[in-house]
Amino acid sequence: MGFSKYLIHWYSNNKRDLPWRQTKAPYYIWLSEIILQQTQVKQGLPYYESFTEKFPTVFDLSKADESDVLKLWQGLGYYSRARNLHATAKHIVKELKGEFPNNYKDLLKLKGVGDYTASAIASICFNEVAAVVDGNVYRVLSRYFGINTPINSSKGAKEFKALAQELIDKKKPAEFNQAIMEFGATHCTPQKPDCNTCPFNKSCIAFNKNKINELPVKIKSAKAKKKYFNFLVFISGDGKTILEKREGKGIWQNLYQFPLIETNTNVDVNTLKKLVKEHDLIKGMSFQLSLYNKDVVVHKLSHQHLYTKFWVVNVNKLLVNGISTQDIHNYAVPILIGNFIETFNF
DNA sequence: AACCCGGGGTC
DNA sequence: GACCCAGGGTT
């Protein structure tokens with residue numbers, strides 16, 4: 001049996017029982033694929049459950065406010081996925097009468113749907129012969145065929161896409177695509193793949209040349225930049241605090257946070273006191289300042305390391321409309337803020 | 001082509 | 001702390 005045929009055979013015996021494998025409805029497949037971008041099944045599963053429960057159809061999702069979608073997405077990261085998900089739901093209801101595009105080319109036009117996701121939906125829902133290339137596929141193919149081309153180069157993207165498209169079972173594209181991804185996720189894993197029990201170990205080039213740990217080849221990414229965040233946790237005499245919506249282009253767009261003072265380095269209480277004194281939310285008011293976390297909280301993102309201090313600012317009254325501290329759980333916040341809210345007793 | 005966008009995990 | 005994982009969008 002050839003590589004592709006055997007993969008499908010392996011899949012039929014080894015696939016995990018996952019909720020999105022019970023359906024071919026484009027809405028559910030689309031939803032699961034967006035959630036699973038850059039995300040492992042274990043982390044995405046509870047979000048899939050809550051989204052399908054709260055928004056059983058694309059019409060329900062299209063009617064929601066973006067803030068509710070972001071709140072449900074809270075903690076999953078890469079929040080542009082949630083904003084695009086919501087925008088695309090609106091688009092499908094308004095412009096496409098609630099019907100998803102039924103082919104790769106048209107699926108690709110949807111916001112938040114790139115080559116991988118368009119191929120996944122087209123093959124799973126509509127049996128189109130469109131090969132998926134996700135991180136699992138890169139790993140399985142680079143090892144089995146001993147390919148050294150960096151997977152995160154444009155040359156690599158073309159090369160692996162073409163190879164996958166050549167290998168895909170033309171009669172069972174959905175099964176092949178899911179089989180190769182499942183095999184990568186559960187057997188041909190990034191670290192410590194189980195080569196001894198691997199059904200392909202006779203012909204796998206990486207295994208036979210002892211190169212399992214060198215493949216796939218990846219170009220190193222730039223080192224993360226350090227940033228210094230000082231969040232002002234206002235507490236007023238009448239039990240209110242301040243949350244602000246993050247605008248603009250950077251991280252956590254449209255999520256909420258405490259008023260932020262970014263500095264070039266870690267600052268002590270006296271330095272921060274001067275900055276708070278000049279702050280628009282204080283304007284000469286008297287205040288009491290204390291550092292909540294003795295040790296700086298380091299929050300690591302792919303491209304930034306955030307050295308974070310939470311400063312409690314006690315004031316008599318707020319200069320702006322604050323929120324009652326008991327309502328703080330209604331706002332979508334980054335996990336960094338969410339963890340603080342959990343440990344701080346409002 | 002280079003860079004941005006979260007959060008979770010291992011060693 | 002250093003390193004690994006992983007799609008789409010923007011510049």
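Quick caveat: nothing in here was measured; it's all calculated off a predicted structure. The sequence lines fix the lettering, A, B, ..., with proteins before strands; numbering per chain opens at 1. Just so you know, these numbers use all the heavy atoms, side chains as well, and skip hydrogens, waters and symmetry mates.
- For the pair A:Q191 and B:dT10, the criterion of a side-chain N or O lying under 4.0 Å from OP1 or OP2 is not met.
- Hydrophobic clustering (ILVMFWY, side-chain heavy atoms < 4.5 Å, transitive): A:I168 and A:Y104 are in distinct clusters.
- In terms of position on DNA chain B, the residue among A:Q304 and A:I219 whose nearest nucleotide sits closer to the 5' end is A:I219.
- For A:K249, a side-chain nitrogen or oxygen approaches OP1 or OP2 of C:dT11 to under 4.0 Å.
- Note on A:T117: a side-chain N or O is less than 4.0 Å away from OP1 or OP2 of C:dG8.
- Of the candidates C:dG7, B:dG7, B:dC4, the closest approach to any side-chain atom of A:P334 belongs to B:dG7.
- For B:dC4, one of the phosphate oxygens OP1 or OP2 lies less than 4.0 angstrom from a side-chain nitrogen or oxygen of A:K225.
- Note on A:K220: a side-chain N or O is less than 4.0 Å away from OP1 or OP2 of C:dC4.
- Contact check on A:E175 versus A:K5 returns no salt bridge, with no Lys/Arg side-chain nitrogen under 4.0 Å from an Asp/Glu carboxylate oxygen.
- Residue A:K155 is the one, among A:K155 and A:L336, whose nearest nucleotide of DNA chain B lies closer to the 5' end (criterion: closest heavy atom).
- At the phosphate of B:dG9, neither OP1 nor OP2 sits under 4.0 Å from any side-chain N or O atom of A:K300.
- Between A:V113 and A:Y78, it is A:Y78 whose nearest contact on DNA chain C lies nearer the 5' terminus.
- For B:dC5, the OP1/OP2 oxygens have no side-chain nitrogen or oxygen of A:W73 closer than 4.0 Å.
- Remark: A:Y79 is in phosphate contact with B:dG7, judged by side-chain N or O atoms under 4.0 Å from OP1 or OP2.
- Dashed line: the shortest gap from a side-chain N or O of A:H303 to OP1 or OP2 of B:dC3 is not under 4.0 Å.
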